[in-house]
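Order of the sequence lines sets the chain letters (A, B, ...), proteins ahead of strands, with each chain counted from 1.
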Amino acid sequence: MNKKSSYRLIQGNEAAAEGALAAGVSFFAGYPITPSTEIAEILADRLPANGGTFIQMEDEIGSIAAIIGASIGGRKVLTATSGPGFSLMQENLGFACLAEVPLVIVNVMRGGPSTGMPTSPSQGDVMQARWGTHGDHPIIVLSPGSVEEAFHYTVKAVNFAEKYRNPVIVLMDEIIGHMRARVSLPPTSMIERVNRVHPNMPPEWYLPYERSATGVAPMASFGDGYRHHVTGLVHDAKGFPTADPNEARNNIRGLFTKIERGFRELCLVDYEFMDDAEHAIIAYGGMVLSARSALEQLRKSGRKVGLIKLGTLWPFPRFALEQYLPQLKTILVPELNMGQIYREVLRVNAGKAVVEKLNRVNGTIITPNEIVKTVKGLIR
Amino acid sequence: MISNSELVNKYFRHNKKFPHIWCPGCGIGTILGNMLRAIDALALDKNEIAFVSGIGCTGRAPVYVDFNTLHTTHGRALPFATGLKLARPELKVLVATGDGDATAIGGNHLIHACRRNIDITTIIFNNYIYGMTGGQYSPTTPHGDKASTCKLGNIERPFNISQLVEAAGATFVGRTTSYHTLQLQNIIKKAIMHKGFSVVEVITHCPTTYGRINKKGSAVDMLKWQKEVAVDKSRADKMDPKELEGKIITGILMEKQLPEFCEQYDTIIEKAQSLKNNQQGKSK
Ligand SMILES: Cc1ncc(C[n+]2csc(CCOP(=O)(O)OP(=O)(O)O)c2C)c(N)n1
Ligand code: SF4
Ligand SMILES: [Mg+2]
């Protein structure tokens, strides 16, 4: 078996599609939308060649509905979209949260609101990814900061979805989605693939929402002999609708508990030059590239600056910041929105360091020089 | 034919807390019961049946019966069912959907499912009203009739569901009422056996909302009305249009064979795989 990585010059969107295939995704339903369309086009070609399924639905509501149906049928599933389509998916995203159906949505963000700036970079959907569907629910959101990470995070997203029976959102920006880079793709045999836990008890004993010690209930596929009920109504352990306050509490609390138990594993964070840092830049997605370049310049000029790179946005990796708060004087959060992660940082910082934001919502990026200038201003 | 007690024992969930949510006299239970009789007559394996629904009084049907059951969001039963069927083509997929669920919020999904001709049987419970939310007008509420959101009379023209789905490309269209139970069983049986997208429109009654506000009398009166307005297609074909005014034509209205979606997708898989194999052969 081929154990060597292959090097390829590819786009972030292509890397996400490759990641989906490497993770074992065998079902994609979608509706074209810039700047995510390449993912659908690539998977339309590649899935049938691997025996998988691609379907172009009539809209994004249908797309997420179809992948939920396919996931309940036992497939690993994914869809890709951008802002307007992501908005349309919100109701059924909530269904998947409550019914605990594994699925992955790649949202290649565009400038918004509304049709916005279809081909321009933006990070405007951070809060929508967290709270876009109604009601209290936990969600897992990953944000790749390079083309290579678009591959690895998509693999991780599929694995997290399967392990936690929860929707996972890969929140990419147009910078990463359309950037081309030479990346090394590991051979499929080297990829860790996680499968959802299937029940092993006799069907008569199966309770589809009875959580095991991990906090996650085993999931039977339709057609496997474990006839059961799946609903978007609040339900008991049998999956049947309930209005009993105890059962309702167990249902909703249970959703949170499983994510809390996996918190550390779910938090992907990288640190650069943080050991002696007195000043931190917190960045994610395409802004990592500007931040990293700014960091090099700042270090060259002797400033004690470090980078906290968030790979996971939700659940928010609060410890990533908390552990450095005793040594930090200032924190800068550059984002292509009006300050969405900035608010989380403020919350966790709780008045300890000086937190500043640097925002851009005009369809252009924040350059390294702008970050350098702002950090220097802050240090002074 | 299976007796009622056998039917209950065999198909209703023993671990589900009854009573059901439906009002006394509602037509939904009759349709569900006859769907079960059709399934029993076909001797289908319960493990191989997926029963999918949207939201509404109709949408509550699956929870009571012992199949693989999926109660989705309002209007979206068909795209959920489409994904499930494509993922597990061996399943017999049945969809229960109300007139509002199917033709208002879910109207776009309905016409596209018809067009795709995917092998799903869709039973549309047409009670001319949004029952669950208390009786607002739906896309099938007759012109001039009342509802809680059109107390002075409906000024919108209703969809003719059977014509709509036929025009959209369904390859089997049947219509009957909750009064004509034998015909109902028979049509559902044939719809399930049909390879392709089949629609069974069942005219039924909501005595609580539509019936009350339009002074249609009791559930029994509403059933009598269904008996009176229904004209079997074989008879209707020989009648002139004047005579058919105000009547509802029942029976199998249309049936044809066209390539089914999942089977066609299998040929795409074959083509894509042989293409891939050829390319791999060349690069060696
Ligand atoms: C997105 C959304 N909008 C509105 C509703 C409220 N709602 C629930 S059932 C229903 C109408 C159902 O009517 P119909 O499909 O005819 O089913 P019936 O109750 O008559 O069987 C509505 C509007 C909802 N659940 N979801
Ligand atoms: S409101 Fe109407 S449709 Fe709903 S259960 Fe009652 S009678 Fe049936
Ligand atoms: Mg109705």
- Task: Compare every heavy atom of A:Glu162 with every heavy atom of A:Pro102, then report the nearest pair and how far apart it is.
- Result: CB-OE2, 3.8 Å
- Item | Residue part contacting chain B, namely of A:Asn50, when any heavy atom lies under 4.5 Å | both
- Task: Quick one: which of B:Glu48, B:Lys16, B:Arg88 has the most heavy-atom pairs under 4.5 Å with chain A, could you say?
- Result: B:Arg88
- Task: Walk me through it: do A:Phe95 and B:Phe80 pass the test ring pair (Phe, Tyr, Trp, His ring centres under 6.0 Å)?
- Result: CA-CA 11 Å; A:Phe95 180 96; B:Phe80 277 78; 5.0 Å; yes
- Message: I need the contact set between residues 51-69 of chain B and chain A: heavy-atom distance under 4.5 Å, sorted by residue number.
- Response: B:Arg60, B:Pro62, B:Val63, B:Asp66, B:Phe67, B:Asn68, B:Thr69
- Any residue of residues 26-40 of chain B which, by heavy atoms, sits under 4.5 Å from chain A: none
- Message: Tell me whether the rings of B:His20 and B:Trp22 are parallel (<30°), tilted (30 to 60°) or perpendicular (>60°).
- Response: tilted
- Spell out, as yes or no, whether a donor-acceptor pair under 3.5 Å connects the side chain of B:Ser3 to the backbone of B:Glu6. yes
- Highest number of heavy-atom pairs under 4.5 Å with chain B among A:Gly73, A:Ala99, A:Pro203 belongs to A:Gly73
- Tell me yes or no: between the side chains of B:Ser198 and B:Thr121, is some donor less than 3.5 Å from an acceptor? yes
- Query: Looking at A:Ile64, A:Asp45, A:Ile61, which makes the most heavy-atom pairs under 4.5 Å with chain B?
  - Reply: A:Ile61
- Note on the structure: Taking a cut-off of under 4.5 angstrom between non-hydrogen atoms, the residues of residues 98-115 of chain B near chain A are B:Asn108, B:His109, B:His112
- Message: Does this structure show an ion pair linking A:Glu58 with B:Arg116, if we count only N-O contacts that are shorter than 4.0 Å?
- Response: yes
- Between B:Lys17 and A:Asp236, does at least one N-O distance fall below 4.0 Å, as a salt bridge requires? yes
- Kindly give the heavy-atom pair with the smallest separation between A:Leu207 and A:Lys238, and that separation in Å. CD2-CG, 3.6 Å
- For residues A:Thr188 and A:Ala22, report the shortest heavy-atom separation together with the two atoms involved. CG2-O, 4.2 Å
- Query: Is any side-chain heavy atom of A:Glu247 less than 4.5 Å from a side-chain heavy atom of A:Val234?
  - Reply: no
- Can you name the nearest heavy-atom pair linking A:Leu255 to A:Arg211, along with the distance? N-NH2, 3.7 Å
- Message: Heavy-atom pairs under 4.5 Å with chain B - which of A:Ile55, A:Ile72, A:Val77 has more of them than the others?
- Response: A:Ile55
- Do B:Glu270 and A:Pro48 touch side chain to side chain, with heavy atoms closer than 4.5 Å? no
- Message: Given heavy-atom pairs under 4.5 angstrom as the criterion, report whether the side chain, backbone, both or neither of A:Tyr226 touches chain B.
- Response: backbone
- If you draw a 6.0 Å radius around OH in A:Tyr31, do more than 12 non-hydrogen atoms from other residues or ligands fall strictly inside? no
- Task: For residues A:His137 and A:Leu98, determine if any side-chain heavy atom of one lies less than 4.5 Å from a side-chain heavy atom of the other.
- Result: no
- Task: State whether A:Phe27 and A:Arg75 meet the cation-pi test: NZ (Lys) or CZ (Arg) under 6.0 Å from the six-membered ring centroid, and within 45° of the perpendicular axis.
- Result: no
- Looking only at heavy atoms, which two atoms of A:Leu78 and A:Ala20 are closest? And how far apart? CD1-CB, 3.9 Å
- Could you walk me through whether A:Val197 and A:Val216 pass the side-chain contact (heavy atoms from CB on, under 4.5 Å) test, one step at a time? CA-CA 9 Å; A:Val197 175; A:Val216 183; over 6 Å; no
- Task: Below 4.5 Å from any heavy atom of chain B, which atoms of A:His229 appear? Answer side chain, backbone, both or neither.
- Result: both
- With the threshold set at 4.0 Å, does a side-chain nitrogen-carboxylate oxygen contact exist between B:Lys195 and B:Glu263? yes
- Query: Is the closest basic N to carboxylate O distance between A:Arg46 and A:Glu18 below 4.0 Å?
  - Reply: yes
- Heaviest contributor of heavy-atom pairs below 4.5 Å to chain B, chosen from A:Ala29, A:Pro241, A:Gly52, A:Gly232, is A:Gly52
- Task: Select one option (side chain, backbone, both, neither) describing which atoms of B:Leu91 are under 4.5 Å from chain A's heavy atoms.
- Result: side chain
- Between B:Asn47, B:Asn277, B:Asp45, which has the largest tally of heavy atom pairs under 4.5 Å with chain A? B:Asn47
- Message: Between A:Glu60 and A:Ser63, is there a side-chain donor-acceptor contact under 3.5 Å, judged purely by atom types and distance?
- Response: no
- Message: If the contact rule is any heavy atom under 4.5 Å from chain A, which residues of residues 7-15 of chain B qualify, in numerical order?
- Response: B:Arg13, B:Asn15
- Task: For atom OH of A:Tyr7, decide whether the heavy atoms of other residues, nucleotides or ligands shown that lie under 6.0 angstrom number more than 12.
- Result: no
- Query: B:Lys276 versus chain A, heavy atoms under 4.5 Å apart: side chain, backbone, both or neither?
  - Reply: side chain
- Query: After noting the C-alpha distance and the side-chain angles of B:Asn126 and B:Glu201, does the key distance pass the side chain to side chain donor-acceptor pair (under 3.5 Å) rule?
  - Reply: CA-CA 7 Å; B:Asn126 183 4; B:Glu201 177 189 1; 3.0 Å; yes
